[in-house]
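Report on the following structure.
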Amino acid sequence: MKLATWNVNSLKVRLPQLLTWLAAQQPDVVFLQETKLQDGQFPRQEIAAAGYQVAFSGQKTYNGVALLTREAPTEIVFGNPLYPDEQKRLLTATVGGIGMVCAYVPNGQSIGSDKYLYKLEWLDALARWIAERIAANPQLVLAGDFNIAPDDRDVHDPETWAGQILCSAPERAAFQRLLGLGMKDSFRLFEQPEKSFTWWDYRMLGFQKNRGLRIDHILLSEPLASRCSAAAIHREQRKLERPSDHAPATAELSR
DNA sequence: ATGGTAGCCGCGCTA
């Protein structure tokens with residue numbers, strides 16, 4: 001089973017790229033973030049024609065998450081029942097007996113801002129939700145845009161970014177709390193190239209200079225981590241004309 | 001030097 005996560009930064013703009021990428025990569029489950037589409041505008045037909053079922057939760061202009069699956073998703077839960085939230089950032093479903101949680105963690109803007117406090121609250125509630133889901137089904141995938149670079153090796157310039165948004169100690173502690181629930185960072189189950197990132201700022205030639213961060217992750221509960229045979233970042237997507245500022249990440253499960 | 005770029009029914013906001 002091949003899992004993929006991608007912050008597409010507008011599904012409307014990125015739909016042609018997504019369809020081409022799906023045909024090339026043939027993932028079984030795709031976690032999308034920043035669809036920026038109201039549910040009525042979701043491109044159901046195009047996704048169905050590509051061979052995927054969908055569950056989605058969107059709003060206009062901002063946020064929006066979707067799950068594309070070969071097998072029908074069941075037990076779909078919109079948002080976090082433990083944290084009422086107007087913003088459409090979380091989607092949970094069961095696919096082939098595996099719990100799938102698609103997350104678009106708040107960016108946080110800057111340390112100490114209202115948005116930062118919201119981010120930390122949101123992450124606290126996410127951890128509680130994940131604990132509940134693992135207890136219900138030990139096979140769980142949590143994937144999406146975490147807006148957290150877990151470690152200095154996930155940062156192009158750790159000194160400049162030290163303590164900054166996406167890298168601060170409380171954000172990293174929130175990420176570690178998810179690992180403490182038994183989730184594994186699939187990317188780090190394998191040897192990886194240095195300076196592997198999933199996001200590069202559109203500004204200041206960020207991608208050309210590889211000034212990136214690894215903030216998009218596929219976390220696997222222990223029974224799934226033991227089945228994981230590969231994990232990769234598809235940075236070639238960031239080289240295309242009119243790219244998302246994020247590249248997709250994938251993880252493969254054997255058996 | 002707080003810059004810069006992309007996306008959104010925009011006239012600023014979020015990332």
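Since the model is a prediction, treat every value here as computed from it, not as a measurement. A, B, ... follow the sequence lines: proteins, then strands. Residue 1 opens every chain.
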Base, sugar-phosphate or nothing for A:Y104? Non-hydrogen atoms, less than 4.0 Å. sugar-phosphate
salt_bridge(A:K209, A:D201) N-O dist < 4.0 Å: no
What integer number of Å spans the C1' atoms of B:dA1 and B:dA6? 23 Å
Given DNA chain B, 5'-ward residue of the pair A:T61 and A:G108, judged by closest heavy atom: A:T61
Rounding to the closest angstrom, what is the interatomic distance between B:dT5 and B:dG10 at atom C1'? 16 Å
Whole-Å gap separating P (B:dT14) and NZ (A:K119): 15 Å
For A:N7, is there any backbone N or O sitting under 3.5 Å from a side-chain donor or acceptor partner on A:S244? yes
Expressed as a whole number of angstroms, how long is the span from A:K36:NZ to B:dA6:P? 13 Å
Gap between atoms CG and P, on A:D245 and B:dC8 respectively (whole Å): 12 Å
Write down the distance between CZ (A:R238) and C1' (B:dA15), rounded to a whole number of angstrom. 12 Å
d(CG, A:D145; P, B:dT14) in whole Å: 17 Å
Given B:dT14, is OP1 or OP2 found less than 4.0 Å from the side-chain N or O atoms of A:K115? yes
When you compare B:dG12 with B:dG3, how far apart are their P atoms, in angstrom units rounded to a whole number? 16 Å
Where the side chain of A:Y62 is concerned, which of B:dA6, B:dC13, B:dC8 is the nearest nucleotide? B:dC13
Please state how far atom CG in A:N107 lies from atom C1' in B:dT5, giving the value in whole angstrom units. 15 Å
Rounded distance in Å - CG (A:L15) to P (B:dG7): 14 Å
Look at the side-chain N and O atoms of A:S10 and state whether any lies under 4.0 Å from the OP1 or OP2 oxygen of B:dC8. yes
A:D114 backbone acceptor or donor facing A:Q109 side chain under 3.5 Å: no
Nearest-angstrom distance, C1' atom, B:dT2 to B:dA15: 16 Å
Donor-acceptor under 3.5 Å (A:R214 side chain, A:T198 main chain): no
Taking 4.0 Å as the cut-off, does a side-chain nitrogen or oxygen of A:R242 come that near to OP1 or OP2 on B:dT5? no
Which nucleotide wins on minimum distance to the side chain of A:M204, given the candidates B:dA15, B:dG7, B:dG4? B:dG4
Report the nucleotide, chosen from B:dC8, B:dG4, B:dA6, that has the shortest atom-to-atom distance to any side-chain atom of A:R203. B:dG4
Quick check against the 3.5 Å criterion: does A:K184 have a side-chain atom that pairs as donor or acceptor with the backbone of A:L220? no
Answer yes or no: is there a donor N or O on one side and an acceptor on the other, between the side chain of A:H217 and the main chain of A:I148, under 3.5 Å? yes
Nearest-angstrom distance from the residue atom CZ of A:R211 to P of B:dT5: 13 Å
Could you work out the separation of B:dC9 and B:dG4 based on their C1' atoms and round it to a whole Å? 24 Å
If you find the nucleotide of DNA chain B closest to A:Q109 and the one closest to A:K60, which residue's nucleotide is nearer the 5' end? A:K60
